[in-house]
Amino acid sequence: MKYLLSNELRELFIDYFKEKGHKHIPSSSLIPAGDDSIMFTNAGMVQFKDYFTGISKPSFSRAVTAQKCMRAGGKHNDLENVGKTTRHHTFFEMLGNFSFGDYFKNEAINFAWDFLIDKLEIDAQKLFVTVHKKDEEGYLVWKDKIKIDEKRIYKLDDDTNFWQMGDVGPCGYSSEIFFDTGFSEWGHAECDVTCDCGRYLEVWNLVFMQFERAHNGKLSNLPKPSIDTGMGLERMARVLQNVKSNYDSDVFMPYITEIENITGIKYQDGNNLYDTAARVISDHIRTSVFLSSESIFPSNEGRGYVFRRILRRLFRYALKLNLNISNLVYIGNTVVLTMAAFYPEIRESFGIFEKIISDEFERFKGTLNSGIKLLEDEISRLKAEKIKIINGDFVFKLYDTYGFPVDLAIDAASENNLNVDLAGFEQLMQNQKNYSKQKKGKIDFTNLDLNLNPTVFVGYNELEEEAEIIGFLDEEANLLNNPENNTTGFIISDSTPFYAESGGQEGDKGIIEWQTGYFKVDKTIKTKSGVFLHHGRITDSAGFENGAVGNSCNYLHRKALFKVDEKLRKMTESNHSATHLLHAALREVLGSTSSQQGSYVDSEKLRFDFNYSKALTHEEIRKLEIIVNNFIFSNYAVEIEETEMETALHSGALHFFDEKYGDKVRIVNIGNVSKEFCGGTHVKSTGSIGFFKIISESSVASGIRRIEAVTGYNYLNTVYIQEDNLNNIIVLLNSNKADIYNKIIKLYYDYEFIEKENRELKNSNFMLKAGELCKEFKKIGKYSYLIKKLDSFTPDELKELANMIKSKYNLGILANVSDSNGINFIIILGSFYQNEKIIYIAIAEGSMDAAKIIKLMSEKLGGKGGGKKDFAQGGTSNLSKYEEFETDTEGIIKNYLK
RNA sequence: GGGGGGUUAGCUCAGAUGGCAGAGUGGCGCCUUCGCAUGGCGCAGGUCGUGGGUUCGAUUCCCAUACCCUCCA
């Protein structure tokens, strides 16, 4: 067996298959292009999916790749296993060779065997293979052509040896090659390839795509069967380096060695906490470096959320080993040193990695601290009540709501001699998962498989076109032959001038009309296979009149005129072309690293997201606007070029791989300032954009900024709105454009001054009034009371006045030594309020109860009220009681004091 | 996409079955001190995220909405 480093293995593999007529295709992004069914690229075949399904055709029939892959979210999730086994990773590389209708089983098996035996010089006695029990053809290749001992061929079932992409589409038997490491993680002495103990390592999976599964589940033979294979680089490196674990290979040892150096503890490849932590840290840092290079940022949804979970798991283990953030960055740099030769993007993005990891660490500390606080409170409560177990509800809430890791909660519990009800926790966790699953179920029309030819799009040149209606889908995606009049749904046609939403450009609106009626299109979308869906409502007079078929009407194969709303389309095109200009300007002002993160244009405005770490300054925004408007005023011609993907890639045009481009791509050239892949529609020359103005700049996620802007007429509208506002203000203040600012400044200061003066005036007025009212207290024994009705006071004013009376009266009593048998008084003030009710408040001191008095008053006055012992208020809309307010209240007080 | 939580003074956060909005810290002033650290006293600083509703009364309850955190998909 050859001893190869991982980089050598990768090279050898690619060279071998290149020699066998395969085209080396670079690894695609970790973000699958135009594929929402998976979160991350998780196998080598992902970038070739459309070739296997036949949606598009490659210009080559054999390919070889080393593909970046992730399994840490969605259907394939290995995250929790990482660090605990010898062979699970969140990020890994898959080596693969592919045949698209070219060679099949015989060659695929021979290539694999030849590579293993001849190139890697692996001892054939250590290899075992599996085939599907019904795959006689595959079995015979192994037995007769390769001449492998029958005892080494395992015939297995669907669950291990049948592969399919989804419920429908291409699928087929697979054959796997296992390597006997002679070492079982579980200490098994006797077992075989079907055992999960790690002794038999699956090193190569060959998928024979030979069937097509229909909606009814039936299989039919594919005319041109294909091959999809995958060999895990990390596993094979481990085999060739003859070590017990992927982590002991040169793929991970550089990082583990660094952890040893930092902590001063030797890595033992064991199951203890330290060794697990070292593995987790190595794996997760490597993954984080790669995710950073894909412009994925930690967030609370989708891929960003997976990234956040990986980072949090990394931090948890880093804390256990007392690693700090600069240690982690240092290890991250080692990832760059070991892997950037093959993946140069990670070197360029290292700054982003540094920022992400340190920002996220700060955030993590925040959630840790708040969690620790809650946990400490709970623990001391339990201790006080002598309870020995923290219940699952609490731990779940801590985790679910506050993001506090469960294992840390368990640690803290055991430090305090407490247990955690883990079963209860798991139950709640399961409930949440089920709940979340149930809540899915909106139809994704873009993912429909309608089994129709792609719609011919003529809308680049035509906005009106006669076309044939070939189908109608209702809102539940049922194909209706005779949709009733007034039904909403989707019209499908053989061709159309309507642009369907894609590439961040809104779909067209407009009208589809025929002799007896029309269909108002409010949006246009398309399926992944290119069938255009015009959404709207049928309005057909024939539907009402045709009694024979109720009010339904057959639209199938009817010719209709498809008319795009030209005005909206033109405005959208302005915005779209302006987006390209803005992109060019951004690269000029902020540098070429500020690349596109997404964009959306409709007829009203354009939105552009890009990565940049801080808010744009006022000056930068102005600069962008000036540059873009200069582009517009230069009236550059917009040239569209249609070309092969290959040549386009070499032309230096900007492209973004979360977009899906066909084999033929369109390149949009604007002057010599912008060149981008783009399937959207554009103005003929930049002059017709008219004008460009940024209306907002904001942040969408950390590290991503968003610019929103308007063009042409839309800007005119915002100018009008602003102008009207300004004019209204000018007229109101009887001023003019030149003076208005100074006038407002003056008014503002005047207002502040007057308000302060007013407050003081009111205060001194209240003081005076309070002083007067102080004299009106009446006495019954040691109690005194003041009852007064006042006109047009607000509740707040009553409160304030009463408080002043109280302090003045208090002062008077305290000054008067002879009256020292305790302070017991109540102040009751009432007023009209907004001419619709009587309000009254009571402030009491000593043993008088304001709330009780207010209750009694409310009974008498037919109102409601309440409060506390020292303060209460009430109200009534029974205005006629106002005249007797004082006498009534006095009666109540006298009665109360009796 | 769904669930949970949050938004109160410049900052960190309390708060009440609905009844006059608080602490710590920072800011300013004064005192203690030869001076500094410190300590003591006082002052300023609030649309209680926004908009509706219920109520005599809402920062608190209800509805909607924005933003942030978090879990699940």
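Reckoned from all heavy atoms, side chains included, excluding hydrogens, waters and symmetry mates. Keep in mind that what you see is a predicted model, and the values were worked out from it rather than measured.
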Can you tell me if [X] touches the phosphate of [N], counting only side-chain N or O atoms and a distance under 4.0 Å to OP1 or OP2?
| X | N | value |
| --- | --- | --- |
| A/Tyr833 | B/G57 | no |
| A/Tyr402 | B/C69 | no |
| A/Lys864 | B/U55 | no |
| A/Arg308 | B/U70 | yes |

>> Determine whether the aromatic ring centres of residues A/Tyr399 and A/Phe404 are separated by less than 6.0 angstrom.
In response: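 No, too far apart.
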
>> Between A/Phe777 and A/Tyr809, is the ring centroid distance below 6.0 Å?
In response: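 Distance test on ring centres: under 6.0 Å, yes.
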
[atom1] atoms of [N] and [M], separation to the nearest Å:
| N | M | atom1 | result |
| --- | --- | --- | --- |
| B/C13 | B/G6 | P | 14 Å |
| B/A37 | B/C71 | C1' | 48 Å |
| B/C31 | B/A9 | C1' | 26 Å |
| B/C43 | B/G52 | P | 36 Å |
| B/A21 | B/A58 | P | 12 Å |

Considering only nitrogen or oxygen atoms on both sides, find all protein atoms under 3.5 Å from nucleotides 43-49 of chain B and state each distance.
none

>> Mind checking if A/Thr367 touches a base, just sugar-phosphate, or nothing, with heavy atoms under 4.0 Å?
In response: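 Sugar-phosphate only.
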
> Looking across every strand, which nucleic acid part, if any, lies under 4.0 Å from A/Lys855 by heavy atom: base, sugar-phosphate, or nothing?
Replying inline: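 No contact.
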
> Which residues, if any, of residues 797-805 of chain A bring a heavy atom under 4.0 Å of RNA chain B?
Replying inline: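 Under 4.0 Å from RNA chain B: A/Lys799, A/Asn803.
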
> In which ranges does RNA chain B form stems of 3 or more consecutive Watson-Crick or G-U pairs, distances under 3.5 Å?
Replying inline: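 Output for stems: B:1-7 with B:66-72, B:10-13 with B:22-25, B:27-31 with B:39-43, B:49-53 with B:61-65.
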
> Are A/Lys68 and A/Phe290 in a cation-pi setup, meaning NZ or CZ lies under 6.0 angstrom from the ring centre and within 45 degrees of the ring axis?
Replying inline: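 The answer is no, since A/Lys68 fails at least one limit relative to A/Phe290.
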
>> Using a distance-only criterion (donor-acceptor N/O pair, under 3.5 Å, no hydrogens), is the base of B/G5 paired with the side chain of A/Asp400?
In response: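 When only heavy-atom distances are counted, A/Asp400 does not reach the base of B/G5 through any donor-acceptor pair under 3.5 Å.
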
>> With no hydrogens and no angle check, just 3.5 Å: does a side-chain donor-acceptor pair link A/Tyr600 and A/Gln505?
In response: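 Checked: A/Tyr600/A/Gln505 side chains show no N/O donor-acceptor pair below 3.5 Å.
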
> Could A/Asp888 and A/Lys881 be called an ion pair, given the rule that one side-chain N must be under 4.0 Å from one carboxylate O?
Replying inline: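 Result for this pair is no, no salt bridge flagged.
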
